[in-house]
Amino acid sequence: MPQAVVHVLFTIIAIDVFRDHFIKNKRKIPLNYVFIGGIAGLLPDIDVPLFWLLNNFLGFNVPFFHRIFTHTFLFALIFLAISLIYFDFNKKASMLFGIITFGVSFHIFLDWLLVGAVAPFYPFYDAAYGLNLVGRLGLPLAIEGLEAVVLLWWLWHEEKTHKISDFI
Ligand SMILES: [Zn+2]
């Protein structure tokens, strides 16, 4: 996985920029939804502590799994389905699950783009895909630099649109 901080940071920034420039109505996506979106951006990697828990704590001797069940379209579709079920009678819950769908999908996209491969059609089809930019370009340092650049750009964006320095 790219580092956890990349997943959380990039997801929060993507949702926040979308909220500022496309939705434009902050009540529709309150700040706690953005925060939950950031957690959803990390959610697919729950398989890492889950494996650890099963093996080291609960005494199951399961073979190693990572990027299998939680890095698929099927996993993202679960949250999309919940969002659609809520759509007609609870807009807030629908929006929240829509954001979670985005966070999970964005995680899978970043894994596909940056490191290794994912098998998005599992369990129907096993083929794995990945641009693996970090591995292919051999640029671990550059990617750490990238997250710093994205963070700085976002702080600049927040200052320009919300004058956050007034609150510091
Ligand atoms: Zn992952």
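When reading the values below, keep in mind they use all heavy atoms of this one structure, side chains included, and skip hydrogens, waters and symmetry mates. One is the number of the first residue; the rest follow in order along the sequence. Just follow the structure's listing: the first ligand is 1, and inside any ligand the first atom is 1.
At a cut-off of 2.8 Å, H7 is not counted among the residues with an N, O or S atom near the Zn ion (ligand 1). Among the atoms of H107, an N, O or S atom falls under 2.8 Å of the Zn ion (ligand 1).
For the Zn ion (ligand 1), the nearest N, O or S atom contributed by D111 is named OD2. The N, O or S atom of D45 with the smallest distance to the Zn ion (ligand 1) is OD1.
Taking the side chain to side chain donor-acceptor pair (under 3.5 Å) definition, one finds that N90 meets it with nothing, sequence neighbours left out. Not counting sequence neighbours, F87 has no partner by the ring-ring contact (aromatic ring centres under 6.0 Å, His included) test.
Between the side chain of T72 and the backbone N or O of P120 there is no donor-acceptor pair closer than 3.5 Å.
A salt bridge between R67 and D47 is absent, with no side-chain N of the basic residue lying under 4.0 Å from a carboxylate O of the acidic one.
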